[in-house]
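For reference, the structure is listed below as structure tokens.
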Amino acid sequence: KKIDRGLYIGRFQPYHNGHHSVLKRISEYVDEIIIGIGSAQLSHEPGNPFTSGERIMMITQSLDELPCPFYVIPIEDIQRNALWVAHVRSISPPFSRVFSSNPLVVQLFAEQGISVESPDMYERQSHSGTEIRRRMLAGENWQDLVPKAVVDVVEEINGVERLTRISGSD
Ligand code: NMN
């Protein structure tokens with residue numbers, strides 16, 4: 001029987017409870033999940049503070065009780081949107097469906113004949129990377145918006161201190 005493998009793409013700067021609830025839901029109706037870390041080459045900038053390896057730690061440690069097998073793959077950006085789907089295919093385990101709410105991702109896959117499912121997002125307002133990075137810089141509570149494992153990773157790498165320094169808002 002063919003394995004129904006789904007690809008979920010995001011930047012995960014950082015991984016948060018919105019991603020987490022979507023992935024738990026997706027895991028109920030696919031056999032296996034591929035989590036693609038977009039803009040993998042970016043780190044140490046205000047909008048992209050964490051490396052792909054750090055994002056892999058956040059995701060892997062948060063998902064240890066996901067009911068289906070999962071793979072985490074870094075995907076670097078390329079200069080040609082028209083070739084991006086081929087680029088993703090060239091490095092990913094094979095997949096038959098894609099999950100994303102990013103309009104460009106939806107469009108690029110649709111043009112290659114792959115329909116993209118946009119899962120309902122969980123408390124979208126507060127559960128965004130932008131809001132979490134803002135709270136980290138402002139000294140406000142961000143910990144409640146991410147899985148406990150993400151708090152631990154950010155602490156291990158002194159992530160808030162890094163974000164503060166590279167944002168020049170010390
Ligand atoms: O849905 P978000 O979290 O925005 O993630 C989408 C990811 O896909 C981003 O990292 C984005 O850079 C990436 N992407 C890259 C290309 C490209 O490299 N040309 C095209 C579309 C999406």
Side-chain angles (χ1 to χ4, degrees), residues 5-27 29-30 32-63 66 70-137 142 145-147 149-150 153-154 157 159 162-163 166-167:
R5 210 175 281 112
L7 171 67
Y8 178 64
I9 296 186
R11 258 170 56 237
F12 309 115
Q13 291 281 12
Y15 185 75
H16 57 64
N17 286 338
H19 303 126
H20 201 56
S21 73
V22 167
L23 274 172
K24 281 193 279 193
R25 195 146 20 96
I26 293 173
S27 71
Y29 46 85
V30 299
E32 297 186 353
I33 300 180
I34 304 152
I35 300 151
I37 300 187
S39 305
Q41 82 282 6
L42 299 181
S43 73
H44 295 78
E45 48 185 55
N48 297 282
F50 306 115
T51 68
S52 56
E54 290 161 352
R55 287 177 274 165
I56 288 174
M57 289 168 73
M58 294 174 191
I59 293 166
T60 309
Q61 292 178 24
S62 298
L63 289 178
L66 201 71
F70 66 93
Y71 312 91
V72 186
I73 61 165
I75 302 172
E76 294 194 5
D77 290 329
I78 60 168
Q79 295 298 324
R80 292 173 185 269
N81 283 334
L83 288 177
W84 183 71
V85 169
H87 168 62
V88 172
R89 280 194 178 294
S90 77
I91 53 180
S92 175
F95 53 87
S96 44
R97 27 207 313 210
V98 179
F99 301 88
S100 172
S101 303
N102 179 305
L104 177 59
V105 171
V106 170
Q107 178 67 21
L108 294 177
F109 275 103
E111 288 186 19
Q112 302 304 317
I114 303 163
S115 77
V116 177
E117 296 159 73
S118 298
D120 289 336
M121 286 185 276
Y122 168 79
E123 293 180 20
R124 185 58 187 145
Q125 199 111 321
S126 55
H127 289 84
S128 80
T130 304
E131 171 62 10
I132 291 167
R133 294 189 304 273
R134 187 197 67 74
R135 290 187 186 197
M136 285 174 165
L137 285 171
W142 55 273
L145 302 179
V146 304
V150 173
V153 170
V154 171
I157 64 176
R162 176 195 297 169
L163 178 62
I166 63 181
S167 301

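Note that ligands are numbered from 1 as they come in the structure, with each ligand's atoms numbered from 1 the same way. Owing to the predicted nature of the structure, the values given are computational and were not obtained by experimental measurement. We number each residue from 1, following the sequence as shown.
Between Pro46 and Leu163, the closest heavy-atom pair is O-CD1, 3.6 Å. Residues Ile26 and Pro119 share a closest heavy-atom pair of CD1-CG, 4.4 Å. The two residues Gly36 and Leu7 come nearest to each other via the heavy atoms N-CD1, 4.1 Å.
Residues His16 and Trp142 are not in side-chain contact: their nearest non-hydrogen atoms beyond the backbone lie 4.5 Å or more apart.
Note on ring orientation: taking the six-membered ring where Trp is involved, the planes of Phe12 and Tyr15 are tilted (angle from 30° to 60°).
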Nitrogen or oxygen contacts under 3.5 Å, ligand 1 side and protein side:
residue  : atom   : partner : partner atom : Å
ligand 1 : 1 (O)  : Asn102  : ND2          : 3.4
ligand 1 : 3 (O)  : Arg11   : N            : 3.1
ligand 1 : 4 (O)  : Asn102  : ND2          : 3.0
ligand 1 : 10 (O) : Ser39   : N            : 3.0
ligand 1 : 10 (O) : Ser39   : OG           : 2.7
ligand 1 : 12 (O) : Ser39   : OG           : 2.8
ligand 1 : 12 (O) : Asp77   : OD1          : 2.8
ligand 1 : 18 (O) : Ile78   : N            : 2.8
ligand 1 : 18 (O) : Ile78   : O            : 3.3
ligand 1 : 19 (N) : Ile78   : O            : 3.1
ligand 1 : 19 (N) : Asn81   : OD1          : 2.7

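The cationic atom of Arg89 (NZ for Lys, CZ for Arg) lies less than 6.0 Å from the six-membered ring centre of Phe95 and within 45° of the ring axis.
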